[in-house]
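Here's the structure, in structure tokens; my notes come after.
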Amino acid sequence: MANTILVGAQWGDEGKGKIIDVLTEQADVVVRYAGGNNAGHTVMVNGKKSVLHLIPSGILRPHKLCVIGNGVVCDPIGLVSEMDDLRQHGIKVTPKNFVLSETAHVVLPYHRELDGTRELLKGKNKIGTTKRGIGPAYGDKAARVGLRINDLIDSAKLEEKLSDRIKENNVVLKSLGAKPLSFKQVFAEYDQAGRRLKPFVQNTVVLLHEQMRAGADILFEGAQGTFLDLDHGTYPFVTSSNTTAGGACTGSGVPPHRMDRVVGVMKAYTTRVGEGPLPTENQEISNLLHGMGREFGATTGRPRRCGWFDAVATRHASMVNGIDDLAITNLDGLDTVESIKVCVAYRQGKRQYDYVPNDAQVLAACEPMYVEFEGWRCPTVSCRTFKRLPAKAREYVKAISELSNARLFIASVGPGREQTIFV
Ligand code: GDP
Ligand code: IMO
Ligand code: MG
């Protein structure tokens, strides 16, 4: 399979977890390279649902090595509980199949407190974060005051660094009207988590290069989506990491010339959870999908905002990520729609855009220009080959791939592993 980066081509929740699980069959190693437990990646195997937040979605396949890379911010309490949860469901998580980077940054309680408090203070201008402390944790990393996993697993270092950081953060928290933290309590909890995680911790850069020398094929699991990227997304309504393909290099230590392919995952329509512009947002399609019990956040349970497929956005995503192949998911979500709209350009006043403008305010003022496709109006969930898809569904996925400027690779017609059509 060679080394493949998989990214979300929209605003997150494109179905990356499902596609990672499918592609893991051909891979040896799966690496998460950015984000933290703000992610929620759903995998359905034999009708059993698992939601992964930090551990790569490859963990559901035995004998695959799963790695959390240096670019991830890791909430150790969340990670330990995710490991316990998987084990309770009969999934092995041992130092043989799961490794954590010693230089991944640690998400601490003051990050979560600050995240929540800042959102509260922003009032109607809030970002709608997952409140997992992601922004403040990456902020500390950039400010060079973060703790890394290596600090977490060394009690003496943890005690010294945490004590300093809690002192400073308590001043900030108090000044914002939030409750200060108890060093003793936080230290006890995090020291214990560090002890649990220690056997899994390694220099993952060296490990990944050893794996490559041994001929391993690596799959890089993106989290979030292109338009939540800190640099390329709809700033400030973004997450705090580089979710796009470049992040796979910096977040893992595997250099660009060793990357062979970029797969973009996108839904056959658009969703977004949290605030910020979403040009093709549409109440009718929101009602339809929510009515089917679909499109509720895998991490926070919030209803996702829904809209028509936005080809301006996905074409932009192909450009920024260098997407070669596309996996189109949730095609079955449109099974009952009579007439399906696809946005092919934006208009704002007299100006027309065929790319996503950088200013979130400008983007929010953009009117989508649509073309319409006739719906196929029959179930696709049992189709297993491209030929078996209704002709109008084939036309639709081909058209949105062309508009997105990348090759059609997979069409997905249900959450299950088997509901995957290779084109
Ligand atoms: P991720 O964050 O990109 O991994 O996506 P999420 O797991 O947050 O959300 C995607 C949702 O769509 C999950 O509930 C998946 O089980 C579901 N899903 C993925 N592909 C398909 C599909 O082709 N059809 C249907 N019906 N559901 C899908
Ligand atoms: P996966 O990997 C969808 C959104 C939040 C908010 C913004 C910032 O499952 O696709 P943060 O907590 O990161 O500071 O929130 O980003 N967001 C996601 N939306 N899927 C995700 O992950 C997301 N992770 C963060 O809703 O708008
Ligand atoms: Mg998700």
Side-chain angles (χ1 to χ4, degrees), residues 6-22 32 34-45 47-54 56-57 72-73 75 107 111-112 114-116 118-119 126-139 221-230 233-241 243 264-269 271-278 289 292-305 327-335 379-381 383 397 410-421:
L6 182 137
V7 292
Q10 296 161 321
W11 277 269
D13 300 330
E14 295 91 346
K16 298 177 294 295
K18 173 192 159 154
I19 304 298
I20 287 282
D21 169 67
V22 168
R32 260 291 296 273
N37 61 354
N38 48 349
H41 296 177
T42 314
V43 183
M44 284 269 255
V45 184
K48 226 167 90 181
K49 176 168 146 177
S50 311
V51 181
L52 286 314
H53 299 285
L54 277 163
S57 306
V72 170
V73 289
D75 180 332
V107 179
H111 296 132
R112 280 195 304 274
L114 278 171
D115 192 359
R118 282 180 188 153
E119 282 283 276
K126 69 174 195 242
I127 296 166
T129 73
T130 59
K131 299 193 180 142
R132 297 295 190 272
I134 305 301
Y138 276 114
E221 175 171 351
Q224 289 78 51
T226 299
F227 298 99
L228 293 173
D229 183 283
L230 181 58
T234 52
Y235 191 89
F237 303 101
V238 293
T239 190
S240 300
S241 64
T243 61
V265 185
M266 57 193 210
K267 278 177 176 150
Y269 46 90
T271 66
R272 166 167 212 167
V273 60
E275 307 304 315
L278 187 65
L289 294 162
M292 288 155 87
R294 293 164 70 148
E295 301 310 340
F296 293 90
T299 295
T300 56
R302 291 176 291 177
R304 295 176 182 145
R305 298 156 61 195
I328 299 175
T329 68
N330 287 273
L331 184 62
D332 55 303
L334 299 177
D335 281 353
T380 54
V381 288
C383 298
V397 289
I410 286 175
S412 166
V413 291
R417 232 181 224 176
E418 69 292 350
Q419 291 171 301
T420 309
I421 299 171

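Positions are given from 1 along the sequence. Counting starts at 1 for both ligands and their atoms, following the listed order.
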Backbone of D229 reached by a side-chain donor or acceptor of Y235 within 3.5 Å
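Not a single qualifying donor-acceptor pair exists.
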To make sure I understand the geometry: which N, O or S atom in D13 is closest to the Mg ion (ligand 3)?
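For D13, the N, O or S atom at the smallest distance from the Mg ion (ligand 3) is OD1.
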At what distance is the nearest protein heavy atom to [atom], and which residue and atom is it?
atom	value
atom 11 (C) of ligand 1	R304 NH1, 4.1 Å
atom 10 (C) of ligand 1	D13 O, 3.7 Å
atom 6 (P) of ligand 1	G40 O, 3.5 Å
atom 27 (O) of ligand 2	V273 O, 3.1 Å
atom 15 (O) of ligand 2	T129 CA, 3.3 Å
atom 12 (O) of ligand 2	T130 OG1, 2.6 Å
atom 19 (C) of ligand 1	N330 ND2, 3.7 Å
atom 23 (O) of ligand 1	S412 OG, 2.5 Å
atom 20 (N) of ligand 2	D13 OD1, 3.1 Å
atom 4 (O) of ligand 1	G17 N, 2.8 Å
atom 22 (O) of ligand 2	Q224 NE2, 3.4 Å
atom 26 (N) of ligand 1	D332 OD2, 2.8 Å
atom 15 (C) of ligand 1	T42 CB, 3.9 Å

Polar contacts were defined as any N/O atom of the residue lying under 3.5 Å from an N/O atom of the ligand; does this apply to G128 and ligand 2?
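N/O-N/O distance under 3.5 Å: yes.
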Counting both backbone and side chain atoms, is some N or O of V238 under 3.5 Å from an N or O of ligand 2?
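Min N/O separation from ligand 2 is not below 3.5 Å for V238.
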Ligand 1 contact by [X], heavy-atom criterion under 4.0 angstrom:
X	result
G8	no
R294	yes
G12	no

Return the option from N38, T239, L228 holding the heavy atom at the smallest distance from atom 17 (N) of ligand 2.
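Among N38, T239, L228, the closest heavy atom to atom 17 (N) of ligand 2 belongs to L228.
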Could you tell me if T271 and R294 have a donor-acceptor pair between their side chains, going purely by distance under 3.5 Å?
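T271 and R294 do not have a side-chain donor-acceptor pair below 3.5 Å.
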Run the salt bridge (Lys or Arg N to Asp or Glu O under 4.0 Å) test on D75 and R132 for me, step by step, so that the C-alpha distance in whole Å, both residues' side-chain angles and the decisive distance to 0.1 Å come before the verdict.
CA-CA 8 Å; D75 180 332; R132 297 295 190 272; over 6 Å; no
How far does CZ of R32 sit from NE2 of H53, to the nearest 0.5 angstrom?
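Here the rounded value is 10.5 Å.
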Using a strict cut-off of 4.0 Å, indicate which atoms of ligand 1 neighbour a heavy atom of A298.
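Those qualifying, in numeric order: 8 (O).
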Check each atom of ligand 1 against the heavy atoms of V413 and keep those under 4.0 Å away; list them by number with element.
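Heavy-atom distances to V413 below 4.0 Å select 23 (O), 24 (N).
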Answer yes or no for A223: is there an N/O/S atom below the 2.8 Å cut-off from the Mg ion (ligand 3)?
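No - counting backbone and side chain alike, A223 has no N, O or S atom under 2.8 Å.
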